[in-house]
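Take a look at the structure set out below.
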Amino acid sequence: MQASNRILVSGGAGFIGSHLCDLLIAAGHDVLCVDNYFTGRRRNIEHLLDKPRFEVMRHDVTFPLYVEVDDIYNLACPASPIHYQYDPVQTLKTSVHGAINMLGLAKRTRARIFQASTSEVYGDPTVHPQPEHYWGHVNPLGVRACYDEGKRAAETLFFDYHRQHKVRIKVARIFNTYGPRMHPNDGRVVSNFIVQALSGHDITLYGDGNQTRSFCYVSDLLDGFQRLMAAGEDFIGPVNLGNPRESTIRELAEMILQLTGSRSKLVFLPLPADDPRQRQPDITLAREKLGWEPKVTVEDGLKETISYFRHLLAQ
Ligand code: NAD
Ligand code: UDP
Ligand code: UDP
């Protein structure tokens, strides 16, 4: 029988991390979920607690961690603007010190290490859609910089540990991803709009709602993670993972109103500083190297997510 891998998932109690833990446990691996519960929740991983191959550790990745592992998925970092701006210094420490500690761990154990990077490395992009070779347009002093620059520095660290210490890395740039287990108070647009629509509150559009995003369903994203990890060691990324179907935030609001049958009204609030005006992944590289593209339509993904929040709000 093939030996199972010991896999560390940092940020494993979060939205994406908990789905990743599910997938890895189902594939027969030993999973060590490491999380400080800043934005993650025990309820996301509760159903895994009685699995003999699953272990959880409350730990902040800005501190060193000595464990023995074969693979590391580094997802620890708040992802919603309101949460990463709540304590920007801690956000930057999480990205930078967290990356150094996880890379140090990978170097010592010779583990492979995956980095959850982000489309935010492109900032408010002047190239559209965004290919991986675009260097981005980031305000290094702005309120989003703790996240954007933190993730950019983390990518630099990954590539330097790779060049200098031969650490085996994989870097994915994730574009807006949504699905069940987003926190109802997460603050990101999909969860905000669904919770507002289901509870009859006003739908809060920031700015004129004409800014765009491209939304990927979580199962498609995880398929991309798996393919990137399974690809040969010469393909390390960075690679964009996201759904190229782009829509304005206003269109998203209208779709959610229609799918929920809600009569909530649209209200317009000020646009947050440095909010990117447009975003769409160019996924040519993922198609070519990983044979990957999203399969779940936005309508189907939103229906699943709405159904999750309906149950949650009824509790
Ligand atoms: P999330 O906030 O649900 O998950 C992040 C997890 O990291 C939480 O469980 C949180 O408690 C944990 N965490 C934060 N700081 C930590 C620390 N110092 N030590 C240990 N754990 C810590 O967000 P998510 O959407 O699941 O995002 C997961 C990863 O994917 C993040 O790195 C994020 O930057 C990246 N990403 C997500 C998206 C998206 O659209 N969801 C887009 C781009 C990148
Ligand atoms: N580190 C860790 N776990 C390990 C090995 C290292 O947390 O198993 C941390 C350690 O605290 C160090 C960081 O990772 O500060 C970077 O490790 P590296 O070996 O690159 O640097 P050094 O130990 O030489 O500073
Ligand atoms: N947004 C909005 N209303 C909300 C939350 C977000 O109009 O209640 C907008 C936000 O200004 C941004 C887009 O939706 O233009 C996506 O925001 P989110 O925080 O989900 O992610 P981002 O891609 O900005 O990190």
Side-chain angles (χ1 to χ4, degrees), residues 9-20 33-41 44-45 57-69 73-84 87 90-91 93-95 97-109 111 115-121 144 147-148 150-151 154 157 161 164-165 167 172-179 181-183 186-193 195-196 203-207 209-216 218 221 241-242 248-250 252-253 268-272 274-279:
V9 180
S10 82
F15 155 53
I16 297 174
S18 63
H19 287 285
L20 178 61
C33 167
V34 168
D35 205 295
N36 70 349
Y37 299 109
F38 177 52
T39 51
R41 289 183 304 169
N44 286 345
I45 47 165
M57 185 189 281
R58 181 190 284 269
H59 173 81
D60 180 332
V61 294
T62 63
F63 295 99
L65 178 64
Y66 286 82
V67 288
E68 305 310 312
V69 288
Y73 286 85
N74 186 37
L75 273 64
C77 186
S80 159
I82 57 163
H83 292 295
Y84 68 64
D87 185 350
Q90 171 67 9
T91 300
K93 282 185 188 168
T94 294
S95 277
H97 294 185
I100 291 173
N101 288 328
M102 290 297 116
L103 285 161
L105 173 62
K107 181 182 139 199
R108 182 180 62 76
T109 58
Q115 168 67 355
S117 191
T118 168
S119 54
E120 285 283 325
V121 300
R144 294 175 85 103
Y147 184 76
D148 300 9
K151 290 283 190 178
L157 283 161
Y161 267 80
Q164 196 175 332
H165 298 302
V167 170
R173 290 183 178 154
I174 304 166
F175 284 65
N176 297 66
T177 298
Y178 69 98
R181 299 197 196 142
M182 292 184 91
H183 196 291
D186 177 272
R188 281 179 280 185
V189 68
V190 174
S191 45
N192 265 12
F193 285 4
V195 170
Q196 289 162 348
I203 306 281
T204 54
L205 280 163
Y206 302 158
N210 287 327
Q211 69 272 36
T212 71
R213 293 294 186 273
S214 308
F215 296 99
C216 184
V218 64
L221 181 77
L241 294 178
T248 67
I249 296 303
R250 191 181 181 130
L252 175 76
F268 293 86
L269 299 177
L271 190 68
D274 293 337
D275 199 281
R277 280 162 299 139
Q278 54 179 3
R279 182 180 292 156

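Just so you know, ligand 1 is whichever comes first in the structure, and atom 1 is the first atom listed for that ligand. Small disclaimer: the values here were computed from a predicted structure and weren't measured.
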min-distance protein heavy atom vs atom 17 (O) of ligand 2 -> Gly104 CA, 3.3 Å

In ligand 3, the atoms that come under 4.0 Å of a heavy atom of Glu120 are 25 (O)

If you measure from each non-hydrogen atom of Tyr37 to ligand 1, which part falls under 4.0 Å: side chain, backbone, both or neither?
backbone

Would you say Arg181 contacts ligand 1, with heavy atoms under 4.0 Å as the rule?
no

Looking only at non-hydrogen atoms, which of Asn44, Thr39, Val34 approaches atom 1 (P) of ligand 1 most closely?
Thr39

Closest approach of any protein heavy atom to atom 8 (O) of ligand 2, naming residue and atom:
Arg108 NE, 2.6 Å

At less than 4.0 angstrom from any non-hydrogen atom of Asn192, what atoms of ligand 3 do you find?
4 (C), 5 (C), 8 (O)

Does Tyr178 have a non-hydrogen atom less than 4.0 Å from ligand 1?
no

Pairs of nitrogen or oxygen atoms closer than 3.5 Å, one from His165 and one from ligand 2: do any exist?
no

Proximity flag Pro78 to ligand 1, non-hydrogen atoms under 4.0 Å
yes

Mind checking whether Asn36 has an N or O less than 3.5 Å away from an N or O of ligand 1?
yes

Closest non-hydrogen protein atom to atom 13 (C) of ligand 3, residue and atom name please, with distance?
Ile249 CD1, 3.7 Å

Apply the test side chain to side chain contact (heavy atoms under 4.5 Å, CB included) to residues Phe193 and Leu205: give CA-CA distance (whole Å), side-chain angles for both, the deciding distance (0.1 Å), then the verdict.
CA-CA 9 Å; Phe193 285 4; Leu205 280 163; 3.9 Å; yes

Looking only at protein heavy atoms, which one is nearest to atom 7 (O) of ligand 3, and how far off is it?
Tyr206 N, 2.8 Å

Say whether, by atom type as modelled, one donor and one acceptor occur between the side chain of Asn101 and the main chain of Thr62 under 3.5 angstrom.
yes

Suppose we measure from atom 1 (N) of ligand 2 to each protein heavy atom; which comes out shortest, and what is that distance?
Tyr66 OH, 3.8 Å

Is there a heavy atom in Ala13 that sits closer than 4.0 Å to ligand 1?
yes

Atom indices of ligand 3 within 4.0 angstrom of Asp275 heavy atoms, with elements
10 (C), 11 (O), 12 (C), 15 (O)

Determine whether the side chain, the backbone, both or neither of Lys151 has a heavy atom under 4.0 Å from any heavy atom of ligand 1.
side chain

Taking 4.0 angstrom as the limit, do Glu120 and Lys151 come out as a salt bridge?
no

Any atoms of ligand 3 less than 4.0 Å from a non-hydrogen atom of Leu205? List them with their elements.
7 (O)

Within the structure, is a non-hydrogen atom of Ser117 found at a distance of less than 4.0 Å from ligand 1?
yes

Polar proximity ligand 1 side, Thr118 side, N/O cut 3.5 Å exclusive:
no

Return the closest protein heavy atom for atom 19 (O) of ligand 2 as residue, atom name and distance.
Lys107 NZ, 2.8 Å

Relative to each other, are the rings of Phe38 and His83 parallel, tilted or perpendicular (30° and 60° limits)?
perpendicular

Out of Arg213, Arg144, Arg188, the nearest non-hydrogen contact to atom 25 (O) of ligand 3 is supplied by Arg144

Counting only heavy atoms closer than 4.0 Å, does ligand 3 sit against the backbone of Val190, its side chain, both, or neither?
neither

Shortest protein contact, atom 20 (O) of ligand 2 (heavy atom only):
Tyr161 OH, 2.5 Å

Tell me whether Pro64 has any N or O atom under 3.5 angstrom from an N or O of ligand 2.
no

Is it true that Thr248 and Asn210 share a donor-acceptor pair across their side chains at a distance under 3.5 Å?
no

With heavy atoms under 4.0 Å as the rule, classify the contact between Gln211 and ligand 3 as side chain, backbone, both or neither.
side chain

Residue and atom name of the nearest protein heavy atom (relative to atom 29 (C) of ligand 1), distance in Å to one decimal
Leu75 O, 3.3 Å

Show which atoms of ligand 3 fall inside a sub-4.0 Å distance from at least one heavy-atom site of Gly187.
5 (C)

Closest to atom 2 (C) of ligand 2 among protein heavy atoms sits Leu65 O, 3.5 Å

Considering Val9, Asp186, Asp35, which one's heavy-atom position lies nearest to atom 11 (O) of ligand 1?
Asp35

Of the side chain and backbone of Arg188, name the one, both, or neither that has a heavy atom under 4.0 Å from an atom of ligand 1.
side chain

Polar contacts were defined as any N/O atom of the residue lying under 3.5 Å from an N/O atom of the ligand; does this apply to Ala76 and ligand 1?
no

Hey, can you tell me if His165 and Tyr161 have their rings parallel, tilted or perpendicular (30° and 60° cut-offs)?
tilted

Just let me know how Gln90 lines up against ligand 1, side chain, backbone, both or neither, with a heavy-atom cut-off below 4.0 Å.
side chain

For ligand 3, which atoms, with element, lie under 4.0 Å from some heavy atom of Asn176?
21 (O), 22 (P), 23 (O)

Within-shell test, Pro81 vs ligand 3, heavy atom, strictly < 4.0 Å:
yes

Minimum distance, heavy atoms only, to atom 7 (O) of ligand 1: which one of Cys77, Gly14, Ser119 is it?
Cys77

For atom 15 (O) of ligand 2, the closest protein heavy atom turns out to be Asn101 OD1, 4.1 Å

Ranking Ile82, Thr204, Val189 by closest non-hydrogen atom to atom 18 (P) of ligand 3, top hit is Val189

